[in-house]
Amino acid sequence: MELLNLAKQTVLMPAGIQDGDIEKIMNRLLSSSVDAADIYFQSSHAESWVMEGGIIKEGSHNIEQGAGVRAVSGEKTGFAYSDRIELPVLLEAANNVKAIVRQGQEARVGLVKAPNWPLYYPAINPLKSLADQQKIDLLRKVESGTRKLDSRIEEVIVSLIGMHESILVANQDGSLAADVRPLVRMNVTVIVKENGRREQGSMGGGARTDYNFFIDQDQALEYGKEAVRQALVNLEAEEAPAGNMTVVLGPGWPGILLHEAIGHGLEGDFNRKGTSAFSGRVGERVASDLCTVVDDGTLPGRRGSLSIDDEGTPTEKTVLIENGILKGYMQDKLNARLMGVKPTGNGRRESYANLPMPRMTNTYMLPGPHNPEEIIKSVKKGLYAKNFAGGQVDITSGKFVFSASEAYLIENGRITRAVKGATLIGNGPDVLTKVSMVGTDLELDSGVGTCGKDGQSVPVGVGQPTLKIEGLTVGGTSV
Amino acid sequence: MQNQQEINRLENIVQNLLDEAKEQGASAAEAGLSQENGLSVSARLGDVETIEHHCDQGLGVTVYFGLRKGSASTTDLSPDSIKETVSAACSIARYTSEDEYAGLPEKELLATEFPDLDLNHPWNISADEAIALAIECEDAARTYHAEISNSEGASVNTHQGIHVMGNSLGFLHGYASTRHSLSCSVLAQRGDSMQRDYWYSASRNALNLEPAIEIGKKAAERALRRLEGRSLSTRQCPVLYSAEVASGLLSSFIGAISGGNLYRKSSFLLDALDSRIFPEFIHIYEQPHLKGALGSAAYDGEGVATQTRDIVSDGILRSYVLSTYSARKLGLQSTGNAGGVRNLTMTPGELDYQGLLKQLDTGLLVTELMGQGVNMVTGDYSRGAAGFWVEDGEIQYPVEEITIAGNLKDMFKNIITVGNDVDFRGNVRTGSILIERMSIAGE
């Protein structure tokens with residue numbers, strides 16, 4: 001079935017909302033002094049299953065639905081939402097919202113279907129892609145397969161999450177766009193013990209597809225193997241070094257460097273307000289000429305991808321940094337309009353109950369000329385960081401952190417001992433100027449990223465090739 | 001009273017849901033329902049920026065079929081939706097395993113007394129009045145000093161909600177509560193150095209909020225004092241956690257003695273009950289019945305009565321933090337901590353902020369932490385930090401782009417002093433904490 005009708009059937013029909021009702025709400029919002037207005041309808045069904053201690057311990061099914069109504073005039077935004085998708089409730093919300101706008105002449109608009117745009121994932125319901133019993137069987141298979149990998153394993157926790165979300169967004173020009181967004185995620189955590197020492201390892205993945213993603217090529221068991229490998233490496237890990245040193249970052253998930261160090265600082269809202277360390281720097285050098293960084297919502301099936309953003313704008317591959325030069329920012333409609341540029345399809349919101357703002361999709365660095373082995377060989381003394389936990393940035397001072405969960409010393413061009421995880425800290429606007437080698441081995445992460453901003457969480461992706469950074473502060477204990 | 005009528009209405013919904021669960025064959029069930037309304041207003045550069053009207057509701061249910069359980073939640077409270085939600089939970093319970101530790105709390109542990117904890121103080125503030133207050137707050141920050149160069153704005157938030165909890169053992173109770181806050185975030189600039197900082201106040205009662213002008217001034221002061229920060233050379237030195245970041249250390253401690261981490265063996269404080277974790281002068285206790293406090297409640301997330309109790313006395317761990325399930329896994333009894341601790345308090349010491357700096361003498365004062373960097377399994381700790389370098393008890397210059405690292409077990413043992421400068425804004429209340437020695441990594 002056509003996407004728009006499919007979304008209508010899921011979100012609007014159960015609530016009895018017709019096109020004419022959306023027009024009524026929109027016309028209540030509009031006046032000549034309104035620069036932008038939208039109505040966002042959402043219905044999401046999610047499930048999660050957890051296996052722990054050898055049993056299927058938890059299962060839950062969560063339903064969330066509602067609508068958000070917004071009107072924007074200049075830099076001013078009025079917003080209201082409700083869990084009840086009912087015409088009188090939404091008309092009342094529109095009245096509240098409109099109070100922020102100076103009264104102008106009434107305006108009217110009729111609903112039209114938004115022009116077509118490319119789709120980067122299928123409009124499917126992943127929750128229905130396996131029978132419940134098959135989901136349980138998958139968890140059991142991964143759990144027992146992982147548990148028997150090593151006798152030092154004390155505990156294995158496997159989780160499976162699926163989400164089926166449908167959204168519709170009506171804009172002030174009357175255009176109505178829709179999206180159906182599948183999302184699946186699996187994770188394996190193990191705890192190992194040897195000689196009284198305990199360590200943990202964790203690996204997972206996901207995509208905008210259905211549960212067969214984890215069954216094809218035994219993907220799920222690969223997570224288990226990787227989690228065990230990491231945990232066992234950590235059993236051997238010694239104290240991490242402290243101080244400023246050459247750091248080589250592995251390919252893939254260490255790309256959260258880009259997300260924290262520069263990604264947030266290049267979001268349109270901070271730059272429109274002049275609060276980012278990157279404000280006003282388009283056209284300037286912010287990285288070595290080896291670095292080209294993009295934000296790309298169009299990668300098929302990726303966790304961070306969207307066919308349209310939450311304002312109905314089709315996503316793009318946006319060049320942020322090209323050969324070291326800052327090219328542009330990621331924009332939603334509000335900030336694009338106020339900065340006099342085009343929206344880039346980065347207007348995202350956690351749900352109908354939150355205002356959209358510029359957010360990343362999949363942020364990664366393009367591959368460079370260097371063989372990854374050659375990069376390691378070039379380092380006399382430094383740190384090789386292969387896996388990371390989360391990160392954080394202060395976009396104004398530009399200082400960012402990200403925490404290594406698997407790292408090794410590099411001594412005389414060779415990876416030697418494993419060291420404990422440690423936080424790395426740097427300065428966003430100059431860290432990429434210290435990139436002296438970029439590998440040929442671009443990898444994207446396995447589909448696990450979640451980004452938080454102003455209390456709103458959205459799924460994202462990151463990626464990069466192997467990178468060598470001349471001088472980053474490593475926060476170990478071995479002074 | 002209108003509130004009481006609404007509480008009764010929502011209690012009826014929960015009771016109907018519990019009846020429905022029984023109807024569908026569940027041997028036991030519990031449910032929680034919340035309904036919240038609110039207004040958030042922000043002003044930036046002297047004008048209103050956003051007005052948000054909040055209206056949230058949610059219902060969660062867990063059903064038991066003997067020792068198997070299933071959960072479901074919804075934002076739709078209509079009778080049809082409730083039936084579907086119960087049936088979704090029941091359907092899940094067909095696939096989960098029998099778990100000998102699963103089930104409702106012991107009936108005798110459920111709360112039977114519901115003292116008035118003074119949690120409900122609606123703030124009848126209009127959107128226009130809220131805008132005026134936010135502008136007043138931001139103005140105080142922007143006019144504080146010529147180097148305050150930009151603003152992320154000030155915001156006023158007010159929320160009012162009703163929470164109902166019920167289970168098939170006959171527990172059914174609802175109460176109303178409010179939460180209000182006022183915050184401000186501004187930027188300071190000197191040459192190339194740009195810094196941002198914020199301050200906020202939060203309370204159940206709007207009358208107890210700090211004055212808007214004071215919040216604005218503090219935000220400005222905090223941004224200004226960070227200007228021209230520099231890194232430190234890599235070293236070991238004493239570290240003073242200011243009160244607003246010291247609460248994070250206590251939260252890590254609570255994480256390590258929480259049932260979930262203990263029975264999964266993913267804690268660095270396994271089997272630590274009755275052993276010394278802190279120096280002898282440290283006392284940590286919970287005060288769930290404090291009147292008007294942000295963390296107060298008569299019962300926990302399962303209806304178990306909360307109680308004022310010691311967690312650490314004389315530096316010795318006296319009790320874990322347990323829900324019904326984690327307690328049974330450990331062969332113990334619930335401590336009324338489903339959903340966490342409530343008004344966790346570390347007994348303050350004698351020294352005020354100035355006295356603490358004197359005692360620190362030469363070392364690092366930390367006022368901001370970045371990133372996660374805490375390994376619950378091993379206690380290894382490594383986080384990004386910003387603050388001030390202190391010599392002879394006097395602040396010398398602001399510090400940034402450094403990390404501080406150690407192991408929480410050692411850090412807890414090596415606490416030298418706790419200040420009397422308690423931060424009362426959150427659920428964890430402590431003064432500043434001075435730690436004898438940590439590793440600093442910098443330039």
Side-chain angles (χ1 to χ4, degrees), chain A residues 52 55-66 75-83 93 96 99-100 132-133 136 154-155 157 191 198-200 240 242-244 273-275 277 353 355 389-392 394 396-397 399 401-403 420-423 425-427 473-477 479, chain B residues 47-57 70-76 81 85 88-89 91-93 95-99 127 150 152 187 194-196 229 231 234-236 264-266 370-373 375 377-378 380 382-384 386 400-407 439-443:
Chain A
E52 184 187 317
I55 61 172
I56 304 292
K57 199 172 132 183
E58 314 255 356
S60 69
H61 188 107
N62 309 295
I63 304 167
E64 211 182 304
Q65 62 179 39
E75 296 183 33
K76 297 176 187 172
T77 301
F79 176 59
Y81 61 87
S82 171
D83 314 288
N96 281 332
I100 197 162
D132 286 343
Q133 189 57 50
I136 302 309
E154 274 205 316
E155 178 64 288
I157 302 169
I191 293 180
R198 281 193 177 81
E199 292 283 352
Q200 183 173 308
N244 197 277
K273 296 175 183 175
T275 59
L355 278 169
Q392 192 184 336
D394 175 332
T396 301
S397 70
K399 304 298 175 274
V401 294
F402 58 141
S403 298
K420 288 184 175 188
T423 289
I425 189 163
N427 183 36
T473 297
V474 178
T477 48
V479 175
Chain B
D47 202 355
V48 57
E49 187 177 41
T50 59
I51 300 177
E52 299 182 49
H53 300 269
H54 304 279
C55 171
D56 295 285
Q57 51 186 17
S71 305
S73 73
T74 180
T75 54
D76 181 353
S81 159
T85 306
S91 155
I92 281 177
Y95 296 97
T96 51
S97 312
E98 290 209 340
D99 183 346
N150 200 342
E152 289 203 320
L187 279 73
M194 186 161 79
Q195 293 287 350
R196 176 190 50 160
S231 186
T234 299
R235 66 185 73 182
Q236 294 198 327
R264 290 184 184 96
K265 298 195 163 43
S266 57
M370 289 178 80
Q372 293 75 40
N375 184 333
V377 181
T378 60
D380 289 326
S382 167
R383 300 187 70 186
E400 61 179 1
E401 206 177 335
I402 57 164
T403 61
I404 57 176
N407 185 285
S439 298
I440 316 293
E443 59 188 12

Partners passing side chain to side chain donor-acceptor pair (under 3.5 Å) against B:Ser439 (at least two apart in sequence or in another chain): B:Gln236
Region of A:Lys399 that comes under 4.5 Å of a non-hydrogen atom in chain B: both
Most chain B-contacting option - heavy-atom pairs closer than 4.5 Å, from A:Ala353, A:Ala389, A:Gly274: A:Gly274
Residue, of B:Asp380, B:Asp99, B:Asn375, B:Asp56, that accumulates the most heavy atom pairs under 4.5 Å with chain A: B:Asp56
For chain A, the option from B:Gly70, B:Ala88, B:Gly442 that forms the most heavy-atom pairs under 4.5 Å: B:Gly442
Selection from B:Asp76, B:Asn407, B:Ile404, B:Asn150 maximising heavy-atom pairs under 4.5 Å formed with chain A: B:Asn150
Criterion salt bridge (Lys or Arg N to Asp or Glu O under 4.0 Å) on B:Lys265 and A:Glu155, from CA distance to verdict: CA-CA 8 Å; B:Lys265 298 195 163 43; A:Glu155 178 64 288; over 6 Å; no
Interchain contact, B:Thr378 with chain A, by part (heavy-atom threshold 4.5 Å): side chain
Chain B contacts, top residue of A:Ile136, A:Asp394, A:Val474, A:Asn244 (heavy-atom pairs, under 4.5 Å): A:Asp394
Part of A:Glu75 lying under 4.5 Å from any heavy atom of chain B: both
Heavy-atom pairs under 4.5 Å with chain B, option from A:Glu64, A:Gln65, A:Glu199, A:Gln392 with the top count: A:Gln392
Exercise: identify the closest heavy-atom pair between A:His61 and B:Ile92: N-CD1, 3.5 Å
Contact winner vs chain A - B:Ile440, B:Thr85, B:Asp47, heavy-atom pairs under 4.5 Å: B:Asp47
Taking every non-hydrogen atom, the tightest pair across B:Ala441 and A:Gly475: CB-CA, 3.9 Å
Proximal component of A:Glu52, with respect to chain B [non-hydrogen, under 4.5 Å]: side chain
B:Cys55 side, atom SG; A:Asn96 side, atom CG - distance, nearest 0.5 Å: 10.5 Å
Residue part contacting chain B, namely of A:Ala277, when any heavy atom lies under 4.5 Å: backbone
Value rounded to 0.5 Å, distance of OG1 in A:Thr423 from CZ in B:Arg383: 8.0 Å
Candidate pair B:Glu152 and B:Arg196, rule side chain to side chain contact (heavy atoms under 4.5 Å, CB included), full reasoning: CA-CA 9 Å; B:Glu152 289 203 320; B:Arg196 176 190 50 160; 3.3 Å; yes
Part of B:Glu49 lying under 4.5 Å from any heavy atom of chain A: both
Which portion of B:Ser91 sits near chain A, non-hydrogen atoms under 4.5 angstrom: side chain
Portion of A:Ser403 that has a non-hydrogen atom of chain B nearer than 4.5 angstrom: side chain
Listed partners of A:Phe79 passing ring pair (Phe, Tyr, Trp, His ring centres under 6.0 Å), at least two apart: A:Tyr81
Closest contact, heavy atoms only, A:Thr396 versus B:Gln195: CG2-C, 3.8 Å
Euclidean distance, B:Tyr95 OH relative to A:Asp132 CG, rounded to 0.5 Å: 5.0 Å
Gap between atom CE of B:Met370 and atom CD1 of B:Ile402 - 0.5 Å precision: 12.0 Å
Pick from A:Thr473, A:Ile100, A:Ile425 with the largest number of heavy-atom pairs that fall under 4.5 Å of chain B: A:Ile425
Among A:Ser397, A:Gly59, A:Ala240, residue most engaged with chain B (heavy-atom pairs, under 4.5 Å): A:Gly59
Option that, when pairs with chain A are counted at under 4.5 Å, heavy atom only, ranks first among B:Gly229, B:Ser71, B:Ala127, B:Ala93: B:Ser71
